[in-house]
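Just so we're clear, the structure is a prediction, and the values are computed from it rather than from any experiment.
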Amino acid sequence: MTALPNIYPPGQCTWWCADQEPWVLRYGNLGNAMAWAQSWASHGGRISGTPAVHAVACLQPGVDGSFAVGHVGVVTAVGAGSFTMSEMDALAGP
């Protein structure tokens with residue numbers, strides 16, 4: 001199977017998630033980060049409030065310092081009451 005091209009702007013959090021977890025490209029462009037969960041669900045994708053490794057964490061604008069368009073990152077570890085995510089274009093910039 002040929003990998004789908006990353007359609008998101010380089011340096012953005014959405015690009016990073018598609019680069020790290022190419023399965024997110026299954027339904028094409030999901031929009032800005034704040035729209036990812038809703039867009040994913042509208043295509044029949046499963047969403048959950050429970051973090052899991054290799055899942056995408058979607059943060060709405062203003063949550064934990066995310067920008068006006070929200071923020072997404074790839075969950076890399078889950079602990080008791082917390083999780084770690086790998087991200088790009090957070091507070092430090094692209």
Given the rule that I, L, V, M, F, W and Y join up when any side-chain heavy atoms are under 4.5 Å apart, are [X] and [Y] in one cluster?
X: Tyr27; Y: Trp15; value: yes
X: Tyr8; Y: Leu4; value: yes
X: Ile7; Y: Trp16; value: yes

Subject >> Shortest non-hydrogen separation from Trp23 to Ala55 and the atoms involved >> reply: CZ2-CA, 4.3 Å
Original post:
If you look at every heavy atom in Ala18 and Leu25, which pair is closest and at what distance?
Top reply: CB-CD2, 3.9 Å
Interatomic distance, [X] atom [atom1] to [Y] atom [atom2] [nearest 0.5 angstrom]:
X: Met88; Y: Asp19; atom1: CE; atom2: CG; result: 7.5 Å
X: Asn29; Y: Thr14; atom1: CG; atom2: OG1; result: 7.5 Å
X: Ser86; Y: His54; atom1: OG; atom2: NE2; result: 11.5 Å
X: Met85; Y: Leu59; atom1: CE; atom2: CG; result: 4.5 Å

May I have the list of side-chain donor-acceptor pairs in residues 71-82 shorter than 3.5 Å, sequence neighbours left out?
residue : atom : partner : partner atom : Å
His71   : NE2  : Glu87   : OE1          : 2.6
Thr76   : OG1  : Thr84   : O            : 3.2

Result block: side-chain N/O donor-acceptor pairs under 3.5 angstrom for residues 30-43, not counting sequence neighbours:
residue : atom : partner : partner atom : Å
Trp36   : NE1  : Gly31   : O            : 3.0
Ser39   : OG   : Leu30   : O            : 3.0
Ser39   : OG   : Ala35   : O            : 3.0
Trp40   : NE1  : Arg46   : O            : 3.3
Ser42   : OG   : Ser39   : O            : 2.7

